[in-house]
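Down below is the structure, laid out as structure tokens.
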Amino acid sequence: MTDTTQRFFVSYAGPDRAWAEWVGWQLKRAGHQVELDRWDWHTGDDFVQRMNLALERADAMVALFSRDYFATERWTREEWSARVAVRERLVPVVIEPLADDDIPALLAGRLRKDLHGLDETAATAALLEAVHGPNPPTGPVAFPGAASADLDAEPDPQRPRLPSSVGLPEVWNVRRRNPDFSGREAAMLQLRTGLLNGQQAVVQALHGMGGIGKTQIAVEYAHRFASQYDLVWWIDAEQADQLPVRYTELADRLGIAKSGASSEANAHALLQHLRTRHRWLLILDNAEQPDQIEPWLPEGPGHVLITSRNPDWHGIAHHSHLDVFTRTDSLAYLQARIPGITTEQADFLAQDLGDLPLALAQAAGVLRSGMTLDRYRQLLATNTARLLQQSNVRDYPAPLAATVEIAVARLTGDGHPDATAVLRLGAFLGPDPIPTVWLETARPSLATILGDPDDLMWLHNALQYLSRYGLARTDFGTFQVHRLTQAILRTQTSSDLAAAVWDDVTTALTSVDLGDPQSPADWPTWTSLTVHLTTPHVTTAIADRPTLRPTLLKAVAFLLSSGQPRVAHDLITALHQAWSSDLGLDHPDVLTCAQQLGHATASLGDYNAARSILEDTFARRRRVLGEDHPDTLQSANNLANTIGDLGERAEARRMQEDTFARRRRVLGEDHPDTLQSANNLAYMLGDLGDRAEARRMQEDVLARRRRVLGEEHPDTLTSAGNLASTLQDLGDYAEARRMHEDVLARRRRILGEGHPDTLTSANNLGSTLNYLGDYAEARRMHEDVLARRRRLVGEDHPDTLTSANNLAYSLNGLHRHLEAVELLKDVRARYLRTLGPKHPYFAKVTQNLAAALIAAGRAYEAQQLTGRKPKRDKRRLGRKRQ
């Protein structure tokens, strides 16, 4: 890099990409190094990380000021504010007329250079003056009215043009731009990058389901980059045999068509002409037959953009799948078009509509006409097809319901019965990916699929047709039907056929061996199932099917063991209501259901409600099954835990001792249930102050679990974590830290970062660091755990309050006493409201608050709080039972 060469980062809004390319080209032409996301960043890169690195490396950031640049939802805000915050060099250039109030106050006083309204020579000079600084003339100044010379004697056809230097291309037939177009910046970037990737004709196919917005992106691309082309021509390519006629229309526009020649001859003349012409773009919209389109694809230094439902463009075009809006794009779209809708309301609506652009557009139109959001969502759930048949969206040719109906009619009319049957079965499951192994395994017993069961390729062929017609997305080992397509299809299915489909759904869900729901190794297969079981219409329809009860109970066990208590609670509540009325409260499956409901309720922190459920279940099991039945003893174990959570430790200890003794006698010393009771009893002994006996029991349980269950079983890791906590209480901080670090690393790898057990390990390690005096690292860990627990179980959950209490301890250690006081006041108020003034945790937090007040110089407030001189409780708060 020479003394005069600089490194520039070009910051711009997505709609201004043509400007960014031109600015980047001119800076490179002037000998500088340029970093531009479109040129330098790859798909899959971490955007924030790449942006930060680019800003660090750059000598200056060239910011392209426009109305889009200052839109609140764009990353450009982070780019320019980061530059301003560190007082690094920012070079503002204005690419469209802006009013004073368009520019944030922080930037309003900065000198900026206008590029809009200039010809290319003048704009280039203005840009270089902005980056180099003013350059006074050394000779005569040219007459202002003189014509500008071209920058190049022989213009490079690949060089980006100044976007404002020309209007629309002379040869142009694209419909008007959609003023409501928003989002899709990633897709637009990928499309532009793909079309610029080559010197000869580049063919790019954009495929996806109907209503996804393929045509809208093509229209926006044509307008956004119109200045980069001399010819842009739109062709309706749905009927491939009409391509020669459409090409003849373009040939006639160019003056190369021969009046007496056939359309095929004129089409070939056009293809020959495009071989030698630069800067052209053909858009083939709604092309569905790749093999018939391929012979008519032009060659030469231009671009072809294809939109299609069919993904089968391999070997013909570079292709990319267009998915639904990101949730961020959905929220921005809805909030821009429905005045007054809140972010939460928009989020619920986007979820209901599956982020499908056409559905969002239809909903916005209906809601702007006066319908309430609650009424719309109610109709969407009960009258989906009818509601989605209504549309006044100008930029889509048909409402969503009609779009789906047309595609299904074509599929059926073209004679693909297996594909139609698979689509219908997929419509009755959830909107998440459906493993194809379910259908492959259950195929001999599926009544609604009538094809040859011995045809090894039946499912492959069926899914290929669904993908081709844009009715399903297929990936490796899965297929997926959009939630609104599903709802429309269910509405159009007769009651008799629906009953048969539900029979097939039941068969499919019971045909696959999913493994152990409590083993992390089998959790991926259980995840693929539970996302369907927990879809409301699926839960309602299958709850009364006896053959699915074992699977449903195991699914709840998976949700609880994998750390999804809210989802588990919703599912088990629905099942308990359905089964109780059908089977009676004393039925074994209903009792198991109630047991899981109590477990889920306790996991959500509602200990009083959980106690009521578990006491009733325990009493019923004692009466129906007997005192020593394993299920009765499981109820006793869970009830004892919940009583302990409520602060009644003596009663909890009594119950745990009795349950442990019974399990040891009935099941044996090494049975997993016996070890569970031993673990929980040891916890309670430690909590009551008998730490030596707690340590002895925990060492024994850990050794047995390692031998019986393995080193990395979740229960073994629980025992190791509990022993580490007891060692900490006994003052062996170094060994406690070593063990906590080991358990945390294993839980992160096996259970994941956000699992409740992983968060417990991180919380306990942070507490150990507090006692070792590493308050800064302890604070970092507690802040992270607190944020995660708030998202997972809410502000008032005891686990969340435990993290807040422990974070306050770290803040005190860092002499941030006022912050600790405010945090502990909030924790104390929440404990008072949720657990009451007699709970031991309330007393401990009160002591810690008083100690923080004294450290903050507010001893009088501390004494008023406790009535005596307080001491901080150095024992960590936290749950460590099962």
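In what follows, residues are counted from 1 in the order of the sequence shown.
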I need the minimum non-hydrogen distance between [X] and [Y], along with the two atoms involved.
X    : Y    : value
A543 : L552 : CA-CD1, 4.5 Å
L168 : A226 : CD2-CB, 4.0 Å
A287 : S308 : O-OG, 2.5 Å
D355 : S330 : OD1-OG, 2.6 Å
L334 : A346 : CD1-O, 3.6 Å
L466 : A419 : CD2-O, 3.4 Å

Distance, nearest 0.5 Å, that separates [atom1] of [X] from [atom2] of [Y]:
X    : Y    : atom1 : atom2 : value
R473 : H207 : CZ    : NE2   : 8.5 Å
L367 : Q345 : CG    : CD    : 10.0 Å
L331 : E344 : CG    : CD    : 11.5 Å
Y469 : T412 : OH    : OG1   : 9.0 Å
T506 : L548 : OG1   : CG    : 5.0 Å
L380 : R375 : CG    : CZ    : 12.0 Å

Exercise for the section: Taking atom CD of Q242 as the centre, report whether more than 12 heavy atoms of other residues, nucleotides or ligands fall under 6.0 Å from it. Expected result: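 Yes, CD of Q242 has more than 12 neighbouring heavy atoms, counting only those of other groups under 6.0 Å.
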Using a 4.5 Å cut-off on heavy atoms from C-beta on, say whether the side chain of [Y] contacts that of [X].
X    : Y    : value
L206 : H319 : no
R192 : Y221 : yes
T215 : W234 : yes
P290 : N310 : yes
L509 : L533 : yes
L297 : L282 : no
I306 : V203 : yes
L356 : L360 : no

Would you confirm whether [X], through its side chain, and [Y], through its main-chain N or O, come within 3.5 Å as a donor-acceptor pair?
X    : Y    : answer
N461 : M457 : yes
D504 : T448 : yes
D68  : D16  : no
D418 : W458 : no
H537 : L429 : yes
H482 : M209 : no
T535 : V538 : no
S467 : L463 : no
R224 : G14  : yes
T485 : V481 : no

Any side-chain donor paired with an acceptor under 3.5 Å for [X] and [Y]?
X    : Y    : result
N178 : E220 : no
Y333 : D180 : no
Q486 : R483 : no

For the residue pair H416 and Y465, categorise the inter-ring angle as parallel (less than 30°), tilted (30 to 60°) or perpendicular (more than 60°).
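Rings of H416 and Y465: parallel, under 30°.
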- Message: Between V174 and W172, is the side-chain contact (heavy atoms from CB on, under 4.5 Å) condition met? List the steps.
- Response: CA-CA 6 Å; V174 181; W172 171 272; 3.5 Å; yes
Practice task
Sort and list the pairs that fulfil side-chain hydrogen bond (donor to acceptor under 3.5 Å, both in side chains) and have at least one residue in residues 420-446, not counting sequence neighbours.
Solution key: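 Qualifying pairs, neighbours excluded: none.
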Original post:
What's the verdict on side-chain contact (heavy atoms from CB on, under 4.5 Å) for L195 and L191, showing C-alpha distance, side-chain angles and the deciding distance?
Top reply: CA-CA 6 Å; L195 287 171; L191 177 58; 4.1 Å; yes
Would you say the ring centroid of F225 lies under 6.0 angstrom from that of Y229?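 So the answer is no for these two rings.
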Please report whether the ring centroid of F181 lies less than 6.0 Å from that of H223.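 No: the rings miss the under 6.0 Å criterion.
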Residues L423, V408; criterion side-chain contact (heavy atoms from CB on, under 4.5 Å); working and verdict: CA-CA 9 Å; L423 175 65; V408 173; 4.0 Å; yes
Working note: E21 + Q228, criterion side chain to side chain donor-acceptor pair (under 3.5 Å); need CA distance, chi angles, decisive distance, verdict.
CA-CA 10 Å; E21 292 174 2; Q228 305 304 305; 5.9 Å; no
[Y]/[X] salt bridge by N-O under 4.0 Å criterion:
X    : Y    : result
E288 : R468 : no
D230 : R277 : no
R327 : D347 : yes

Q) Among L284, L281, I293, which residue meets the side-chain contact (heavy atoms from CB on, under 4.5 Å) test with V304? A)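 By the side-chain contact (heavy atoms from CB on, under 4.5 Å) criterion, V304 pairs with just one of L284, L281, I293: L284.
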Check R246, R309, R410 against E238 for a salt bridge (charged side-chain N to carboxylate O under 4.0 Å, His left out) and give me the one that passes.
->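 Of all the options given, the one that passes is R410.
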- Item | Chi angles and distances behind the side-chain contact (heavy atoms from CB on, under 4.5 Å) call for D285, I235 | CA-CA 6 Å; D285 187 41; I235 295 173; over 6 Å; no
>> Tell me every residue that passes salt bridge (charged side-chain N to carboxylate O under 4.0 Å, His left out) with R67, counting only those two or more places apart in sequence or in another chain.
In response: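 Per chain and number, R67 pairs via salt bridge (charged side-chain N to carboxylate O under 4.0 Å, His left out) with E96.
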Can you check salt bridge (charged side-chain N to carboxylate O under 4.0 Å, His left out) on K258 and E264, steps first, answer last? CA-CA 11 Å; K258 296 181 179 179; E264 285 80 3; over 6 Å; no
